[in-house]
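A note on names: the letters A, B, ... follow the listed sequences, proteins ahead of strands, and every chain is numbered from 1. Values below: every heavy atom of this structure, side chains too, minus hydrogens, waters and symmetry copies. As the structure is a prediction and not an experimental result, all values here were calculated from the model.
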Amino acid sequence: MLGSILVTHGPLGRRAGRVVEVEAYVGPHDLACHASRGRTPRTEVLFGPPGRAYVYLCYGMHELFNVVTDPEGHAAAVLVRALEPVEALPPGTRLDGPARLTRALGIDRSHNRLPLDGPSLFLHAGAAVPESRVARGPRIGVDYAGAWAAAPLRLWVRDSPHVSRAPSPRRARRPADAA
DNA sequence: CTATTGATGGTC
DNA sequence: ACCATCAATAGG
């Protein structure tokens, strides 16, 4: 998916970006994958056919965009984490972060389950990124997932200035008043 | 530059 | 209770 072009069309007009950073969520056995907690109303789309959008609300205020990737019955998806602008966007628009890019392209939960070859959401195959320019490392924000947190399932275009910056490590949450 | 915190609501 | 995050702030 790196190098492909995501195009949206909606109230904001036409918006587009080139995918430069993604994370793979590889199936129910992947403890960071939402499908690992079973088939629920939210995760239902993951079990359906590939090539559709999985959009969900994160932290109560951010819409995150994924592409369902695997054949029907095997729940896996790829989270898009950063785009490189490919069309004129309002000044100051940032596409380096999974919630920033959905906000900038006007993607929200109304796009959940939509095929990615439609009028409001389209994913074009772009020029392939050579493997020599692809870097990989641990996924971000999934430390709860045990060994799966360390798996090198985040991939990005090595020299792209549009890749998101890893957050500073969040201090261990304040221990609940343990009794 | 790094580190920390509050905002905010759906899910199960 | 637990989050696949961001923006703003404080401090070096």
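Here Arg139(A) pairs with Asp30(A) under the salt bridge (charged side-chain N to carboxylate O under 4.0 Å, His left out) rule; sequence neighbours left out. Arg109(A) pairs by the salt bridge (charged side-chain N to carboxylate O under 4.0 Å, His left out) definition with Glu63(A), not counting sequence neighbours. For Thr93(A), the side chain to side chain donor-acceptor pair (under 3.5 Å) test picks out no residue, with sequence neighbours left out. For Thr43(A), the side chain to side chain donor-acceptor pair (under 3.5 Å) partners two or more places apart in sequence, or in a different chain, are Thr40(A). Residues that satisfy the salt bridge (charged side-chain N to carboxylate O under 4.0 Å, His left out) test with Arg14(A), not counting sequence neighbours, are Glu87(A).
Taking CG from Leu116(A) and OG1 from Thr8(A), the interatomic distance works out to 12.0 Å, rounded to the nearest 0.5 Å. If you take CG on Leu83(A) and CG on Asp96(A), they are separated by 9.5 Å, rounding to the nearest 0.5 Å.
Inter-residue side-chain proximity for Ile140(A) and Arg154(A) is flagged as met; some heavy-atom pair is nearer than 4.5 Å.
Leu57(A) comes within 4.0 angstrom of the backbone, heavy atoms only, and of no base.
DNA chain C lies under 4.0 Å from at least one heavy atom of each of the following residues of residues 91-103 of chain A: Gly97(A), Pro98(A), Ala99(A), Arg100(A), Arg103(A). Listed in residue order, the members of residues 134-156 of chain A having a heavy atom less than 4.0 Å from DNA chain B come to none. Near DNA chain C, meaning a heavy atom under 4.0 Å away, the residues from residues 23-55 of chain A are Tyr25(A), Ala32(A), His34(A).
Rounded to an integer number of Å, the gap from CG of Leu79(A) to P of dC3(C) is 16 Å. Separating the CD atom of Glu63(A) from the C1' atom of dG9(B) is a distance of 11 Å, rounded to the nearest angstrom. Whole-Å rounding puts the Asn112(A) CG to dT11(B) C1' distance at 14 Å. Rounded to an integer number of Å, the gap from Met61(A) CE to dT11(B) P is 15 Å. Taking atom NE2 on His62(A) and atom C1' on dG9(B), their separation rounds to 11 Å, with Å as the unit.
Among pairs with a residue in residues 110-146 of chain A, those fulfilling ring pair (Phe, Tyr, Trp, His ring centres under 6.0 Å) read Phe122(A)-His124(A), at least two apart in sequence or across chains. The side chain to side chain donor-acceptor pair (under 3.5 Å) contacts involving residues 127-136 of chain A comprise nothing, where partners must be two or more places apart or lie in separate chains. Screening residues 72-82 of chain A for side chain to side chain donor-acceptor pair (under 3.5 Å) gives Glu21(A)-Arg81(A), Asp70(A)-His74(A) as the qualifying pairs, with residues at least two apart or on separate chains.
With a 6.0 Å cutoff to the six-membered ring centre and a 45° limit on the axis angle, Arg42(A) counts as a cation-pi contact of Tyr56(A).
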Completion exercise
Secondary structure of DNA chain C per the Watson-Crick/G-U criterion (both distances under 3.5 Å; [ ] crossing, | other strand, . unpaired) is |||.|||||||.
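A side chain to side chain contact (heavy atoms under 4.5 Å, CB included) with Arg15(A) is found for one member of Leu6(A), Val7(A), Leu105(A), Leu95(A) and no other, namely Leu105(A).
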